[in-house]
Amino acid sequence: MGEDKPKFGGFIQEIMDQDKATGKYGGRVHTRFPPEPNGYLHIGHAKAICIDFGLAEANGGLCNLRFDDTNPSKEEVEYVESIKEDIRWLGFDWGDRLFFASDYFDRLYEYAVELIKRGKAYVCDLTADEIREYRGTLTEPGRNSPYRDRSVEENLDLFRRMKEGEFADGARVLRAKIDMASPNIVMRDPVLYRILRVPHHRTGDTWCIYPTYDYAHPLSDAIEGITHSLCTLEFEEHRPFYDWLLDTLEIPEPPQQIEFARLNLTYTLTSKRKLRKLVDEGYVRGWDDPRMPTLSGLRRRGYTPESIRELCARIGVAKANSVVDLGLLEHCLREDLNKRALRYMAVLRPLKVVIANYPEGQVEEFETENNPEDPSAGTRTVHFSRVIYIERDDFMEDPPKKFFRLAPGREVRLKSAYYITCQDVVKDPATGEIVELHCTYDPLSRGGATPDGRRVKGTIHFVSASHAVRAEVRLYDNLFLTEDPNEGDDFLKNLNPNSLEVLTDCLVEPALSTAKVGDRFQFLRHGYFCADPDSTPGRPVFNRIVSLRDTWQKLMDKD
RNA sequence: UGGGGCGUAGCCAAGCGGCAAGGCACGGGACUUUGGAUCCUGGAUGCGCAGGUUCGAAUCCUGCCGCCCCAGCCA
């Protein structure tokens, strides 16, 4: 095997290498991605997906998709489809291995009976409050439940009757019998089953008792023949119980749980609860609002799955809590889009320009490259005529020293067309607002260069007034103003009031009027844009995915 | 005053006793019909701190400090 290849999985890959070397699990690697169907997947899940599926693939193994649906009171079917769609979109495939923890309810029940028979589980009649009291605290040991020493027969009988619905919700639970004095609170007789009369999205009302995560997860892994059960750091203290369960039940070739640090990004929220609040209270337009860190939001915004996977590859896998710079994701995005996005000219804030010495009614066509990074992308024609529009920002009446765009008396190049020189500035006499520029063009500069070879520092984009199509463009900024959205006492106070700016009078090249939803482009000198589902025939709507790097803006920000 | 985990550059992260990879960000420069892209180039005498072992320590030992997680019949 290529021992000098950069390893993607960090310390987890090392464990897998070792396991393969020692013949553990017969050299197999089999992972699983276990989402709970109670919400939408977000960028944080993308890391887990890349690790679970990616490591299986890298080791010639398989990865199952398993919905962890052990709590019917907070789970719904509607999430199952969106989760599947998001994983597929990211580029991963679970083949025919789509499972649900609820598929195993019968077997899980049988294992529980076995646990009771081995004297390792008991039915407890304490209320939830009492269980909490008996559990003790971080610094004090817990006390044994008075029901802890019931006979195997009584436990068997009670547990069967729990299943058959003889008791009220919450009246009794099944608990593991481990050690109420353990310094690890998870080991203080954790609850295995609770009574819950809630219809389950898959099993209906077949069951009124449901297993907890702690109990169902290790066994589900074992049932599926999982070898490496990868999860996030907060489950680390559950590992002793994971091992205890499989050991007590004498499961052969028990899977092993390995924990890694979850992904955090600056300016980004990854709390399901808080994201839900943003949606429910209307701070965003929905789970797929292009400002949301959900995979559906990122998809609508225009992010490529490749860029997200590249991010995950670059951040590595480790156990240290970390916050990755959002800039790295944006870098991965630009790197990807730069290679593939076709270029177009789009004027977001139009300023009318009349070329005074250009013949009225004349139209010329110029060839221009679709993507200078990729000659095979070919060329297209752009139109030029007497009246054009340029970006308002590309003209300054009183420009600073280093501004090399258009200004009174200055010459610039119109991309792929002509050099023009500004002769006159027309203002609205009432407001003083610049409404129009009068320029002259140099006929010898056709195509963007002159025989005398004179240097023109600035090149700006434009559209021909009579050819351009009107479009709506939505500019997005970070949803939060603070690097850490959780900073302070209320994350809502950190919301960026200007996270969305809608521009309704943009003018774009005519070809863009037929853009298909999801198509991505580079608008020259602006950034990358994606056609939004809100587009209508003849009236396209574009989302700005990410701007181009802007060293000019950076220079301005310094002053 | 319990247990578990983690601390290498602004942010990630390699390193596994032999003289601190790489990426992002940042700074310089070249080139450029996108102030984009691309290409050069710069940064830890130092690896949380303090001791110790060793010819040699980010790597081993001891002590300390800091941060994160755990007291759901959530996952």
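Reminder, nothing fancy here: chain letters follow the sequence lines and each chain counts from 1. Worth knowing before you read on, the calculation uses all heavy atoms, side chains too, and leaves out hydrogens, waters and symmetry mates.
Classification of the A/Y441-A/F384 ring pair by plane angle, with boundaries at 30° and 60°, yields tilted. Ring pair A/F523/A/F529 is parallel by interplanar angle, where below 30° counts as parallel and above 60° as perpendicular. Ring orientation note: the planes of A/F105 and A/H200 are nearly perpendicular, at an angle over 60° on the 30°/60° scale.
Residues A/R549 and A/E330 are not paired through a salt bridge, judged by the lack of any N-O separation under 4.0 Å between the basic side chain and the carboxylate.
Between A/Y303 and A/I545, the shortest heavy-atom distance links the atoms N-CG2, 3.8 Å.
To the nearest whole angstrom, the two P atoms, one in B/G7 and one in B/C60, are 12 Å apart. Separating the C1' atom of B/C12 from that of B/G18 is a span of 27 Å, rounded to the nearest Å. Between the C1' atoms of B/C31 and B/C39, the separation comes to 8 Å (whole Å). Taking the C1' atom of each, B/C19 and B/G23 are spaced 24 Å apart, rounded to whole Å. Between B/U53 and B/U62, the two P atoms lie 15 Å apart (nearest whole Å). Of the C1' atoms belonging to B/G66 and B/C26, the separation is 27 Å, rounded to the nearest Å. To the nearest whole angstrom, the two C1' atoms, one in B/A30 and one in B/C47, are 35 Å apart. The C1' atoms of B/C65 and B/G72 are separated by 33 Å, rounded to the nearest whole Å.
Residue A/F403 is classed as a base contact, given a heavy-atom separation below 4.0 Å to a base. Within 4.0 Å of A/Y210, counting heavy atoms only, lies no atom of the nucleic acid at all. Counting any heavy atom pair closer than 4.0 Å across all strands shown, A/A449 reaches a base atom. Heavy atoms of A/K554 sit under 4.0 angstrom from primed sugar atoms or phosphate atoms, though from no base atom. At the heavy-atom level, A/H461 lies nowhere under 4.0 Å from the strands shown. A/R405 comes within 4.0 angstrom of a base, heavy atoms only.
Taking the nucleotide of RNA chain B with the nearest heavy atom to each of A/S445 and A/L138, the more 5' of the two is matched to A/L138.
Of the candidates B/G15, B/G35, B/G5, B/G15 carries the atom nearest the A/E14 side chain, counting heavy atoms from C-beta on. The side chain of A/D325 approaches B/C11 more closely than any other nucleotide in the set B/C11, B/U32, B/A75.
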Candidate pair A/R454 and A/E411, rule salt bridge (charged side-chain N to carboxylate O under 4.0 Å, His left out), full reasoning: CA-CA 11 Å; A/R454 71 176 182 274; A/E411 184 175 50; 2.6 Å; yes
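In this entry the distance linking CG of A/D214 with C1' of B/A71 reads 14 Å, nearest Å. What separates CG of A/N184 from C1' of B/G2 is a distance of 10 Å, to the nearest Å. The CE atom of A/M187 sits 20 Å away from the P atom of B/G2 (whole-angstrom rounding). The separation between A/K47 atom NZ and B/C12 atom P is 11 Å, rounded to whole Å.
Among residues two or more places apart in sequence or in another chain, the side-chain hydrogen bond (donor to acceptor under 3.5 Å, both in side chains) test is passed with A/E367 by A/T379.
In this structure B/G7 sits in the anti conformation; its chi angle is more than 90° from 0.
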Where protein sits on nucleotides 36-44 of chain B, one letter per nucleotide: B base, S sugar-phosphate only, - none, heavy atoms under 4.0 Å: BS-------
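Residues A/E78 and A/P37 fail the side-chain proximity criterion, which asks for heavy atoms closer than 4.5 Å.
For residues 64-74 of chain A, the pairs satisfying salt bridge (Lys or Arg N to Asp or Glu O under 4.0 Å) are A/R66-A/D221, A/R66-A/E224, with sequence neighbours left out. Listed by first then second residue, pairs satisfying salt bridge (Lys or Arg N to Asp or Glu O under 4.0 Å) with a partner in residues 176-188 of chain A read A/D149-A/K177, not counting sequence neighbours.
A donor N or O paired with an acceptor N or O is not found under 3.5 Å between the base of B/G4 and the side-chain atoms of A/R239. Contact of A/E236 with B/G4 (side chain to base): no donor-acceptor pair of N or O atoms is detected under 3.5 Å.
Geometrically, A/R380 engages A/Y344 in a cation-pi contact defined by less than 6.0 Å to the ring centre and at most 45° from the axis. Cation-pi check for A/R175 over A/Y122 is not met; the charged atom does not lie both under 6.0 angstrom from the ring centroid and within 45 degrees of its normal.
For A/Y215 and A/Y193, the ring centers are positioned less than 6.0 Å apart. Between A/F235 and A/Y242, the gap from one ring centroid to the other reaches at least 6.0 Å.
Using the Watson-Crick or G-U wobble rule with both distances under 3.5 Å, B/G66 pairs with B/C6. For B/C55, the paired nucleotide is B/G18, the pair qualifying as Watson-Crick or G-U wobble because both relevant distances are below 3.5 Å.
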What are the atom names and distances for every N/O pair under 3.5 Å that joins the protein to nucleotides 72-74 of chain B?
unit_1: B/G72; atom_1: OP2; unit_2: A/R132; atom_2: NE; d: 3.2
unit_1: B/G72; atom_1: OP2; unit_2: A/R135; atom_2: NH2; d: 3.1
unit_1: B/C73; atom_1: OP1; unit_2: A/R135; atom_2: NH2; d: 3.2
unit_1: B/C73; atom_1: OP2; unit_2: A/R135; atom_2: NH1; d: 3.1
unit_1: B/C73; atom_1: N3; unit_2: A/G170; atom_2: O; d: 3.4
unit_1: B/C73; atom_1: N4; unit_2: A/L126; atom_2: O; d: 3.0
unit_1: B/C73; atom_1: N4; unit_2: A/A128; atom_2: N; d: 3.1
unit_1: B/C73; atom_1: N4; unit_2: A/G170; atom_2: O; d: 3.0
unit_1: B/C74; atom_1: OP2; unit_2: A/R194; atom_2: NE; d: 3.2
unit_1: B/C74; atom_1: OP2; unit_2: A/R194; atom_2: NH2; d: 2.8
unit_1: B/C74; atom_1: O3'; unit_2: A/R194; atom_2: NH2; d: 3.3
unit_1: B/C74; atom_1: O2'; unit_2: A/N71; atom_2: ND2; d: 3.4

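Contacts of residues 310-324 of chain A with RNA chain B (heavy atom under 4.0 Å): A/R314, A/I315, A/V317, A/A318, A/K319, A/A320, A/N321, A/S322, A/V323, A/V324.
Taking 4.0 angstrom as the limit, A/H331 places a side-chain polar atom (N or O) nearer than this to OP1 or OP2 of B/C24.
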